Amino acid sequence: MFVDLHCHTKKSYDGFTTYSELLFACKAKNISAIGVTEHDVLDQYIDNYFKKSDLNIIKGCEFTTNLGAHIIGLFIDEAKPKDDRLMSIIDYIISLNGLILVPHPYKDNTGLLKIYSDYSFLEKCNLIEIVNGGTNE
């Protein structure tokens with residue numbers, strides 16, 4: 001099974017695809033499931049579009065911390081944490097029984113491992129992205 005847990009559409013400032021373009025790309029690459037993780041918002045309409053396809057959708061959100069770093073919550077239904085500090089976002093995702101994905105960990109300006117020097121938060125994280133199409137990592 002091929003899965004991509006970090007996808008955006010035009011609803012994110014760094015996304016370029018429509019729903020139909022995303023579906024076409026997934027079919028062309030034989031991807032079975034995707035995490036649609038728009039920036040700081042949960043896409044409430046994604047299920048309606050993809051329900052007739054055989055593509056499994058994992059709801060998620062790519063949160064921005066108060067220092068500008070990104071962290072993804074997967075399998076969540078809400079995207080409004082109380083505040084934007086890293087540990088608050090992590091605890092919020094855990095409270096929703098979500099999984100925590102560290103995207104593009106060393107990316108300039110948004111990578112958690114580039115911005116934070118104390119890595120103890122990794123103990124609560126479930127996944128770390130190794131390959132990202134938007135970076136040269």
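Values in this document were obtained by computation on a predicted structure and should not be read as measured data.
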Lys/Arg-Asp/Glu bridge criterion (N-O < 4.0 Å) met for Asp54, Lys27: no
Side-chain heavy atoms under 4.5 angstrom apart, residues restricted to Ile, Leu, Val, Met, Phe, Trp, Tyr: same cluster for Ile57 and Ile93? no
Other residues, nucleotides, ligands: >12 heavy atoms within 6.0 Å of Tyr45 OH: no
Is a donor on one side and an acceptor on the other found under 3.5 Å between the side chain of Asn126 and the backbone of Ile100? yes
Atom CG in Leu127, atom CD1 in Ile72: separation rounded to 0.5 Å? 9.5 Å
ILVMFWY cluster, Met87 and Tyr116 together (side-chain gap under 4.5 Å): yes
Residue list, side chain to side chain contact (heavy atoms under 4.5 Å, CB included) with Lys114, at least two apart or on another chain: Asp108
Does atom CG of Asn109 have more than 12 heavy-atom neighbours from other groups under 6.0 Å away? no
Hydrophobic cluster membership, Phe75 vs Val36, 4.5 Å side-chain cutoff: no
Side chains of His104 and Glu62: is there a donor and an acceptor less than 3.5 Å apart? yes
Please enumerate all residues that pass side-chain hydrogen bond (donor to acceptor under 3.5 Å, both in side chains) together with Tyr119, with sequence neighbours excluded. none
For the side chain of His39 and the backbone of Phe63, is there at least one donor-acceptor N/O pair under 3.5 Å apart? no
Heavy-atom closest pair (Gly98 atom, Ile76 atom, distance to 0.1 Å) is CA-CG2, 3.9 Å
Starting from Ile90, can I reach Leu67 by hopping between I/L/V/M/F/W/Y residues whose side chains sit under 4.5 Å apart? yes
Is there a continuous path of hydrophobic side-chain contacts, each under 4.5 Å between heavy atoms, that joins Leu122 to Leu5? no
At what distance, to the nearest 0.5 angstrom, does CG of Leu101 lie from OG1 of Thr37? 7.5 Å
With rounding to the nearest 0.5 angstrom, report the CG to CG distance, Asp83 to Asp91. 10.0 Å
Step by step, work out the side-chain contact (heavy atoms from CB on, under 4.5 Å) result for Lys11 and Val41. CA-CA 9 Å; Lys11 294 183 179 195; Val41 66; 5.6 Å; no
Ser32 side chain to Val3 main-chain N or O, any donor-acceptor pair under 3.5 Å? no
Between atom NZ of Lys59 and atom CG of Asp47, what is the distance when rounded to the nearest 0.5 Å? 4.0 Å
Rounded to the nearest 0.5 angstrom, the CD1-OG1 distance for Ile71 and Thr65 is 8.5 Å
Mind telling me whether Tyr49 and Tyr19 have parallel, tilted or perpendicular rings, with 30° and 60° as the class edges? tilted
Closest heavy-atom pair, Pro103 versus His70, reported as atoms and distance to 0.1 Å, is CD-O, 3.5 Å
How close do Leu86 and Asn66 get, counting heavy atoms only, and between which atoms? N-OD1, 4.3 Å
Rounded distance [0.5 Å steps], CZ in Phe24 versus NZ in Lys29: 11.0 Å
Got a sec, which residues hit side-chain hydrogen bond (donor to acceptor under 3.5 Å, both in side chains) with Asp40, two or more places apart in sequence or on another chain? Thr64
Would Glu78 and Tyr92 count as a side-chain contact (heavy atoms from CB on, under 4.5 Å) here? Give the steps. CA-CA 10 Å; Glu78 302 171 30; Tyr92 177 74; 3.1 Å; yes
